[in-house]
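Shown next, in structure tokens, is the structure this report addresses.
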Amino acid sequence: MDAKEFTECFYPFHPKLYRVARALLDSPDDAEDILQDAYCRLWDRRSELSELRRPEAFCVTLVRNLCIDFLRSPGRRTDDEAADGALQVEAHTTPESDFVSGESVRRIETLIYRLPEKQRTVMQMRACAECTSEEIEAATGESAANVRVLLSRARKTLREWLNA
């Protein structure tokens, strides 16, 4: 596989891969670093990649695994520090409504960080990265039924915490 074939095959996945990394890491710089590492690894194994049946699922799984390795690495930021740097939703309304909306988003993001790891991962991939159930299954290795259960439990827990 030459550079042109590599680009044609893997570049269309870039936006989705970035969303997955961004949802799992909550830092644009870390997400870009993970994607850079993923592309380097893909390039190093390019001779083996032409045989892939589902290159997109392979890439999503690779990025997810690199994110998990990064999150487990020593010396990384704490969850509280990551929550402080999390995305804020932009609204084109009044400053007061922007403030209230931003506070709500930060509260929900903080609560998502409190979820168990599998629930948090599935919730972030579904809500933030807009991954389909099949993509979540491929990336996490969970069955379709288990993905639905994890999402349901995560949503129920978040509703309980928000109503408390």
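- Crowding of Glu160 atom CD: a count of heavy atoms from other residues, nucleotides or ligands under 6.0 Å exceeding 12.
- In this structure, CE on Met123 lies 10.0 Å from CG on Leu111, to the nearest 0.5 angstrom.
- Remark: Arg41 pairs with Asp37 by the salt bridge (Lys or Arg N to Asp or Glu O under 4.0 Å) rule, at least two apart or across chains.
- The distance from atom CG of Leu24 to atom CG of Asp30, rounded to the nearest 0.5 Å, is 11.5 Å.
- In this structure, Tyr18 has no side-chain hydrogen bond (donor to acceptor under 3.5 Å, both in side chains) partners at least two apart in sequence or on a different chain.
- Expressed to the nearest 0.5 Å, how far SG of Cys67 lies from CG of Leu17 amounts to 9.5 Å.
- Under the rule for a salt bridge (Lys or Arg N to Asp or Glu O under 4.0 Å), the partners of Glu56 that lie at least two apart in sequence or sit in another chain are Lys16.
- For Glu5, the side-chain contact (heavy atoms from CB on, under 4.5 Å) partners are Met1, Asp2, not counting sequence neighbours.
- Side-chain atoms of Met125 and Arg19, non-hydrogen and from C-beta on, never get closer than 4.5 Å to each other.
- With sequence neighbours left out, the ring pair (Phe, Tyr, Trp, His ring centres under 6.0 Å) criterion links Phe58 to no other residue.
- Remark: Asp33 pairs with no residue by the salt bridge (Lys or Arg N to Asp or Glu O under 4.0 Å) rule, at least two apart or across chains.
- Under the side-chain contact (heavy atoms from CB on, under 4.5 Å) criterion, Glu117 pairs with Arg72, Arg120, Thr121, not counting sequence neighbours.
- Counting heavy atoms from C-beta on, the side chains of Glu32 and Ser27 never come closer than 4.5 Å.
- Of all heavy-atom pairs between Leu115 and Ala154, the closest is CD1-CB, 3.9 Å.
- Taking Phe13 as the reference, nothing meets the ring pair (Phe, Tyr, Trp, His ring centres under 6.0 Å) condition, with sequence neighbours excluded.
- Applying the side-chain contact (heavy atoms from CB on, under 4.5 Å) test to Cys9 and every residue at least two apart in sequence or in another chain returns Pro55.
- Remark: Gln124 CD to Arg22 CZ distance equals 10.5 Å, nearest 0.5 Å.
- Between Arg114 and Thr157, the side chains place no donor N or O within less than 3.5 Å of an acceptor N or O (distance only, hydrogens not considered).
- One finds the CZ atom of Phe70 at 6.0 Å from the CD1 atom of Ile34 (value rounded to the nearest 0.5 Å).
- Pairing each heavy atom of Tyr39 with each of Phe6, the nearest pair is O-CZ, 3.9 Å.
- Residue pairs meeting the ring-ring contact (aromatic ring centres under 6.0 Å, His included) criterion with at least one member in residues 133-164, sequence neighbours excluded, do not occur.
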Kindly list each side-chain donor-acceptor pair under 3.5 angstrom involving residues 45-53, sequence neighbours excluded, with atom names and distances?
unit_1 : atom_1 : unit_2 : atom_2 : d
Arg45  : NE     : Glu48  : OE1    : 3.2
Arg45  : NH2    : Glu48  : OE1    : 3.1
Arg46  : NH1    : Trp43  : O      : 2.7

Table please: side-chain donor-acceptor pairs of residues 136-152 below 3.5 Å, with sequence neighbours left out.
unit_1 : atom_1 : unit_2 : atom_2 : d
Thr140 : OG1    : Ile136 : O      : 2.7
Thr140 : OG1    : Glu142 : N      : 3.2
Glu142 : OE1    : Asn146 : ND2    : 2.2
Glu142 : OE2    : Lys118 : NZ     : 3.3
Ser143 : OG     : Asn146 : N      : 3.1

